[in-house]
Participant: 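Dropping a structure here in structure tokens format, bear with me for questions.
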Amino acid sequence: MEKKDVVRLEELERENQLLRNIIDKIHEYVLAIDEKDNIVLYNPVAEKIEKLDRKDVVGRTQKETFNHCPDFSENVCEKVLDTGEPLFDQQYQYLLRDGRKTYIVFNAYPFFYKDAIAGMYVIGRNMETMGEYIAKTLEIHKWITNQEDPKTTGANFCLSDIVGESNAITEAILTARKFARYNSPVMLIGETGTGKELFAQGIHNASTFAEGPFVPINCAAIPDTLLESVLFGTVRGAFTGAVDMPGLFEQAEGGTIFLDEINSMPFFLQAKLLRVLQDRVIRRIGGKKETPVNCRIISAANADPFSLDNDEILRSDLLYRLAKVTLYIPPLRERQGDVTFLARYFAKRASSKFGLVINEIADKLLELLESYHWPGNVRELENAIETAMHFVGSEESLLQFKHLPPHFKNRINGKPKTGYAQLQTSNTTFSGTLLEIERRLIKDALLRNAGNISKTAKELNISRQNLHYKIKTYEI
């Protein structure tokens with residue numbers, strides 16, 4: 001054999017190996033057989049879907065390997081080999097050897113060699129992985145769109161923007177991405193500061209509703225008397241000063257409405273929301289016309305509505321319609337290793353924002369951050385790091401304990417100031433001291449109740465509206 005023939009054979013072998021590597025890396029199911037029905041190609045995706053090992057498949061006949069589903073051989077393989085014509089967008093549902101049911105969509109093509117049919121091949125995708133692929137594609141598209149125009153729909157964050165390396169947060173993100181591809185109502189359950197709205201925006205941006213608006217509302221931040229009109233809208237003359245105004249459900253048409261702190265919604269409104277979920281129509285206050293609504297509903301609660309001690313914060317009939325799928329967002333204390341990761345992330349971001357040169361955090365400070373229980377979760381950590389950056393000198397490159405704000409130093413060291421001496425430092429007058437006592441009582445009650453407004457108001461024996469007013473007044 002001449003040298004040039006050897007070189008050509010090596011080139012062909014290299015090309016062949018490259019093509020096989022590509023087929024092994026793509027996300028599609030690939031099966032190829034020759035004209036004698038022998039399987040010559042079976043890639044890892046096919047192995048994963050059908051739970052078969054290719055070393056046990058390649059070399060055997062297709063009929064022998066898939067004798068549990070003979071109609072595939074007759075209706076697909078034999079048809080393509082006999083006619084020489086491809087089949088497009090074929091849907092095939094079949095049972096695997098272990099009894100599981102799978103559903104693939106595929107194209108089948110004939111393979112010609114020297115003008116004669118030498119085999120055929122199938123390229124397909126499992127419907128379950130197809131849903132994940134579509135969700136991921138929509139999420140990437142939305143991320144690109146937000147970079148170009150961040151005010152497109154009101155949802156600026158994608159699931160890929162959620163930061164963390166722990167198994168807990170990684171699993172939550174993967175679960176959220178699975179939920180995104182369906183239209184079922186989603187309930188997010190997590191403590192204050194865990195990032196429920198980030199997840200809500202991420203699910204919206206990875207869903208088929210991504211091109212529509214994202215309309216958020218905090219049900220605890222709006223007085224009960226106004227919440228109904230905000231959600232459902234009003235017609236002119238319904239009450240003094242009322243005008244024709246669409247509610248948030250109408251504004252969310254074709255998109256997503258996010259009902260944050262749904263557990264704070266009064267019971268009489270929960271009954272009206274239940275009707276929206278059942279009939280998919282709304283009626284404005286004072287109106288007679290019923291308007292169909294087409295939007296996805298994502299809700300969030302800062303207390304577990306399924307727990308036995310939830311004190312019926314949600315009607316059970318509403319709960320089971322809102323929580324068709326439920327995502328628990330882990331608190332920071334359960335995200336092992338993420339405190340250090342997030343602290344460095346926030347420090348780097350703040351350093352760039354403020355024009356500083358901080359590139360690391362002292363080991364002693366990281367140990368203290370890791371040992372702290374973080375009742376305010378990620379939001380509290382972000383606040384602590386960004387506030388500390390204001391105390392950093394322009395030439396310093398290491399964030400240390402000394403840079404933390406005084407109130408956080410005491411808290412993280414487990415040595416909070418207590419008693420009359422602390423109150424005197426902030427207010428020396430009698431009225432000022434009373435106000436500070438009230439502020440601390442409210443703050444402590446909120447911490448005990450994980451930020452739940454209804455439970456805190458009940459414990460303090462005041463109305464929810466009054467509690468909201470005091471929280472804003474005291475800037476808690």
Side-chain angles (χ1 to χ4, degrees), residues 142-152 154-166 169 173 190-202 205 216 218 329 331-333 335-417 425-426 439 443 447 451 471-472 474-476:
K142 192 65 177 181
W143 184 85
I144 294 171
T145 304
N146 284 340
Q147 299 303 305
E148 297 172 351
D149 184 6
K151 296 182 179 179
T152 49
N156 300 325
F157 293 96
C158 296
L159 291 172
S160 55
D161 293 321
I162 298 173
V163 179
E165 292 183 327
S166 66
I169 198 65
I173 294 170
E191 297 175 6
T192 299
T194 51
K196 294 187 290 295
E197 184 161 351
L198 290 183
F199 272 90
Q201 291 192 24
N205 284 331
N218 189 315
I329 302 175
L332 187 54
R333 62 182 174 275
R335 295 170 54 176
Q336 189 172 7
D338 274 354
V339 171
T340 294
F341 181 87
L342 287 167
R344 287 174 173 155
Y345 172 82
F346 291 138
K348 182 178 180 180
R349 190 177 67 179
S351 182
S352 175
K353 178 180 177 181
F354 300 143
L356 300 172
V357 291
I358 289 291
N359 51 41
E360 192 48 87
I361 301 176
D363 291 341
K364 179 185 176 183
L365 177 54
L366 286 176
E367 289 177 10
L368 286 171
L369 294 177
E370 285 284 358
S371 63
Y372 183 56
H373 64 290
W374 298 107
N377 292 293
V378 178
R379 188 181 295 133
E380 183 182 10
L381 174 60
E382 181 181 12
N383 175 270
I385 296 298
E386 185 161 330
T387 303
M389 298 296 282
H390 287 79
F391 294 90
V392 173
S394 58
E395 302 300 321
E396 293 182 277
S397 61
L398 185 68
L399 188 66
Q400 302 181 62
F401 177 78
K402 67 179 182 179
H403 297 126
L404 293 176
H407 70 278
F408 192 71
K409 284 181 183 177
N410 292 322
R411 193 184 311 162
I412 202 170
N413 261 334
K415 301 175 182 178
K417 290 183 179 180
T425 60
S426 56
R439 180 183 183 277
K443 189 173 182 181
L447 286 173
I471 288 173
K472 291 178 182 179
Y474 293 134
E475 298 181 348
I476 296 176

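Note that the structure is predicted; figures quoted are calculated from it, not measured. Scope of the values below: all heavy atoms of this structure, side chains included, with no hydrogens, waters or symmetry mates.
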Participant: Determine, for K196 against E191, whether the closest basic-nitrogen to carboxylate-oxygen distance falls under 4.0 angstrom.
Facilitator: no

Participant: H403 versus H390: any side-chain heavy-atom pair under 4.5 Å?
Facilitator: no

Participant: Identify the residue among L404, L365, L369 that makes a side chain to side chain contact (heavy atoms under 4.5 Å, CB included) with I385.
Facilitator: L369

Participant: Are any non-hydrogen side-chain atoms of N205 and F157 less than 4.5 angstrom apart?
Facilitator: no

Participant: With side-chain contact (heavy atoms from CB on, under 4.5 Å) as the criterion, how do R333 and W374 come out once you've worked through the C-alpha distance, each side chain's angles and the decisive distance to 0.1 Å?
Facilitator: CA-CA 6 Å; R333 62 182 174 275; W374 298 107; 5.6 Å; no

Participant: For the residue pair A343 and L366, what are the closest heavy atoms and their distance?
Facilitator: CB-CD2, 4.4 Å

Participant: So for atom CD, which belongs to Q336, do other residues, nucleotides or ligands contribute more than 12 heavy atoms lying within a distance under 6.0 Å?
Facilitator: no

Participant: Report the distance from atom CD1 of I173 to atom OG of S160, rounding to the nearest 0.5 Å.
Facilitator: 9.0 Å

Participant: Between the main-chain N or O of P331 and the side-chain N or O of N377, is there a donor-acceptor pair closer than 3.5 Å?
Facilitator: no

Participant: Just checking, any donor-acceptor pair under 3.5 angstrom between side chains of E367 and Y372?
Facilitator: no

Participant: Under a 4.0 Å threshold between the charged nitrogen and the carboxylate oxygen, would R411 count as salt-bridged to E380?
Facilitator: yes

Participant: Kindly give the heavy-atom pair with the smallest separation between P405 and T387, and that separation in Å.
Facilitator: CG-CG2, 3.7 Å

Participant: Is it true that the NZ or CZ of K402 lies under 6.0 Å from the centre of F391's six-membered ring and within 45 degrees of the ring axis?
Facilitator: no

Participant: Can you name the closest pair of heavy atoms from M389 and A350 and give their distance?
Facilitator: CG-CB, 3.6 Å

Participant: Output all residues satisfying side-chain contact (heavy atoms from CB on, under 4.5 Å) with T192, sequence neighbours left out; order by chain, then residue number.
Facilitator: N302, R379

Participant: Which residue in the set I169, L342, T194 passes side chain to side chain contact (heavy atoms under 4.5 Å, CB included) when paired with L332?
Facilitator: L342

Participant: Using a 3.5 Å cut-off and no angle test, enumerate the donor-acceptor pairs between side-chain atoms of residues 353-363 and protein atoms at least two apart in sequence or in another chain.
Facilitator:
| residue | atom | partner | partner atom | Å |
| --- | --- | --- | --- | --- |
| K353 | NZ | E386 | OE2 | 3.1 |
| E360 | OE2 | R344 | NE | 3.1 |

